[in-house]
Number of protein chains: 2
Amino acid sequence: MRLVIAKCSVDYAGRLSAHLPLATRLLMVKSDGSLLVHSDGGSYKPLNWMSPPCTLSLIDPDDDQADAGVTEIWKVTQAKTADMLIVSIHEILHDSAHELGIDPGLQKDGVEAHLQVLLAEQIDLLGDGHTLVRREYMTAIGPVDILARDSKGAAVAVELKRRGDIDGVEQLTRYLELMNRDPHLAPVTGVFAAQEIKPQARTLAEDRGIRCLVLDYDAMRGLDDSASRLF
Amino acid sequence: MRLVIAKCSVDYAGRLSAHLPLATRLLMVKSDGSLLVHSDGGSYKPLNWMSPPCTLSLIDPDDDQADAGVTEIWKVTQAKTADMLIVSIHEILHDSAHELGIDPGLQKDGVEAHLQVLLAEQIDLLGDGHTLVRREYMTAIGPVDILARDSKGAAVAVELKRRGDIDGVEQLTRYLELMNRDPHLAPVTGVFAAQEIKPQARTLAEDRGIRCLVLDYDAMRGLDDSASRLF
DNA sequence: GACTAAATTTCGGTA
DNA sequence: TACCGAAGTTTAGTC
């Protein structure tokens with residue numbers, strides 16, 4: 001990534017035409033050649049940009065442009081759409097390059113993780129008399145989302161998903177198979193809990209004796225609001 | 001604007017919960033306190049961000065965090081929504097601050113300007129036998145978008161708008177009044193051209209003998225495609 | 001891979 | 001100032 005602070009004007013020609021008058025801005029050149037032109041305010045949207053895949057090439061300013069104070073011109077083009085971004089640079093105030101590497105990317109564990117916390121707090125949603133053993137109960141093949149005990153003290157393993165699909169049922173099945181070999185736990189029953197459970201997944205789960213539980217995230221969140229306000 | 005390249009992990013708690021694992025990223029702190037976390041790829045949307053108005057405060061890492069390698073923690077909060085962004089910094093690789101000043105902002109002269117170019121090229125959209133005199137024909141009270149002549153050689157003044165509103169009709173009326181005083185031009189007829197003409201504007205225009213012309217931007221653009229490919 | 005729907009959307013314009 | 005709709009939308013999930 002290259003970061004340039006420069007006094008520049010910018011012209012875009014593509015799906016629309018747009019112009020940025022001469023001012024000092026941040027030019028962010030990403031490693032895929034894409035360019036973002038940011039001002040020192042506003043929200044996350046750049047003033048102007050070119051999406052990847054695109055190529056950046058330098059152009060020498062002609063005499064008129066040189067007379068107007070342009071020292072270099074960046075031409076960013078996108079092969080696919082024939083869009084074009086022209087950055088006319090008058091002065092570079094900062095210029096640095098950095099190796100960032102590929103990014104592992106955003107984990108929107110948001111809903112599932114939050115659901116896990118909420119269901120742990122509202123464990124009786126599993127049924128009257130249920131008690132929480134713990135969240136992320138570790139097994140040899142990975143953590144079970146929630147381990148609880150029913151009113152009779154029998155172990156209940158809960159697999160939580162935002163969208164309940166067949167994959168989740170298979171996952172829970174593997175956990176149950178393993179846990180039921182453990183004499184301290186067996187017999188373990190399974191609960192497949194999700195905001196939304198696909199018909200195929202429900203059929204498979206119930207065929208295997210796994211109970212399905214549809215969770216109302218908003219309602220659970222609403223009950224938790226008092227706790228949230230403590231932050 | 002402050003630019004920081006740092007090895008960091010990021011957590012967001014607000015309308016959803018999200019997590020960014022430890023990696024090297026760009027942290028852009030704008031003068032309004034807002035923060036953008038960018039990776040070296042993807043499009044213009046940051047991996048994570050906090051919209052203004054918000055405040056950034058530094059927190060000392062506790063012992064556990066310090067043991068994990070966290071050297072400093074940024075806490076960015078938004079007053080209104082109670083959203084919170086936590087940046088746990090492990091290592092700062094670059095840190096610089098820059099004065100950018102306020103930005104004049106984007107001029108999307110795009111559609112209207114482009115329409116003007118296209119209509120000038122396709123001047124016969126005004127009617128058979130029309131010829132272009134020039135775009136931006138200057139008068140004492142400002143430039144008329146397009147001046148043309150019809151098949152009989154009579155002057156035609158065109159006011160172009162993306163959305164044809166009453167204002168535009170009034171504007172054209174003023175131009176026509178002025179131009180019709182010029183013996184070299186008179187008699188000048190008016191054409192109010194827009195992608196969309198509001199009923200009120202159409203009524204007013206036709207009442208004043210101004211012809212209304214609805215332009216099909218996409219079709220005009222399509223005809224222009226061959227020319228665009230020359231770039 | 002194309003298509004559809006949501007987004008921590010943002011950004012205009014209009015009532 | 002609040003609501004509504006488009007965006008050079010982007011992004012994630014489904015078919």
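In this text, all values refer to a predicted model and were calculated from it rather than measured experimentally. Each chain gets a letter, A, B and so on, in the order the sequences are listed, and its residues count up from 1. Basis for what follows: all heavy atoms, side chains included, without hydrogens, waters or symmetry-related copies.
- The side chain of A/Y44 has C/dT10 as its nearest neighbour among C/dT10, D/dT9, D/dT11.
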Task: Candidate pair B/W49 and B/L35, rule side chain to side chain contact (heavy atoms under 4.5 Å, CB included), full reasoning - done: CA-CA 5 Å; B/W49 73 94; B/L35 177 74; over 6 Å; no
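- Out of C/dC11, D/dT10, C/dT9, the shortest distance to the side chain of B/W49 is found at C/dT9.
- Atom CG in B/L47 sits about 13 Å away from atom C1' in D/dT11, given to the nearest Å.
- As judged by a 4.0 angstrom heavy-atom cut-off over every strand, B/S51 is placed among residues touching the sugar-phosphate backbone only.
- Residue B/M50 is out of contact with every strand shown, counting any heavy-atom pair closer than 4.0 Å.
- More than 12 non-hydrogen atoms from other residues, nucleotides or ligands lie less than 6.0 angstrom from CG of B/L93.
- When the P atom of C/dA6 is taken as reference, atom CD of A/E196 falls 12 Å away, rounded to whole Å.
- Considering only heavy atoms from C-beta on, B/C8 comes within 4.5 Å of B/V10 through its side chain.
- When each of B/L85, B/D32, B/V76, B/D83 is checked for a side chain to side chain contact (heavy atoms under 4.5 Å, CB included) with B/C54, only B/V76 meets the rule.
- Nearest-nucleotide positions on DNA chain C place B/L85 closer to the 5' end than the other of B/L85 and B/L106.
- Side chains of A/S34 and A/S51: no donor on one and acceptor on the other come within 3.5 Å.
- Contact between the side-chain N/O atoms of A/S43 and the OP1/OP2 oxygens of C/dC11 is found at a separation under 4.0 Å.
- Using a 4.5 Å cut-off on side-chain heavy atoms (C-beta onward), B/R2 and B/D95 make contact.
- Across all non-hydrogen atoms, the minimal contact from A/Y44 to A/H38 is O-CE1, 3.3 Å.
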Find every protein N or O atom lying less than 3.5 Å from an N or O atom of nucleotides 13-15 of chain D, and list the pairs.
{"residue": "D/dT14", "atom": "OP1", "partner": "A/R163", "partner atom": "NE", "Å": "2.5"}
{"residue": "D/dT14", "atom": "OP1", "partner": "A/R163", "partner atom": "NH2", "Å": "2.8"}
{"residue": "D/dT14", "atom": "OP2", "partner": "A/R163", "partner atom": "NH2", "Å": "3.2"}

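- In this structure, the CG atom of A/D83 is 15 Å from the C1' atom of D/dT10, given to the nearest Å.
- Atom C1' of nucleotide C/dC11 and atom CD of B/Q107 are separated by 17 Å, given to the nearest angstrom.
- A straight line from NZ of A/K45 to P of D/dA6 spans 14 Å, rounded to a whole angstrom.
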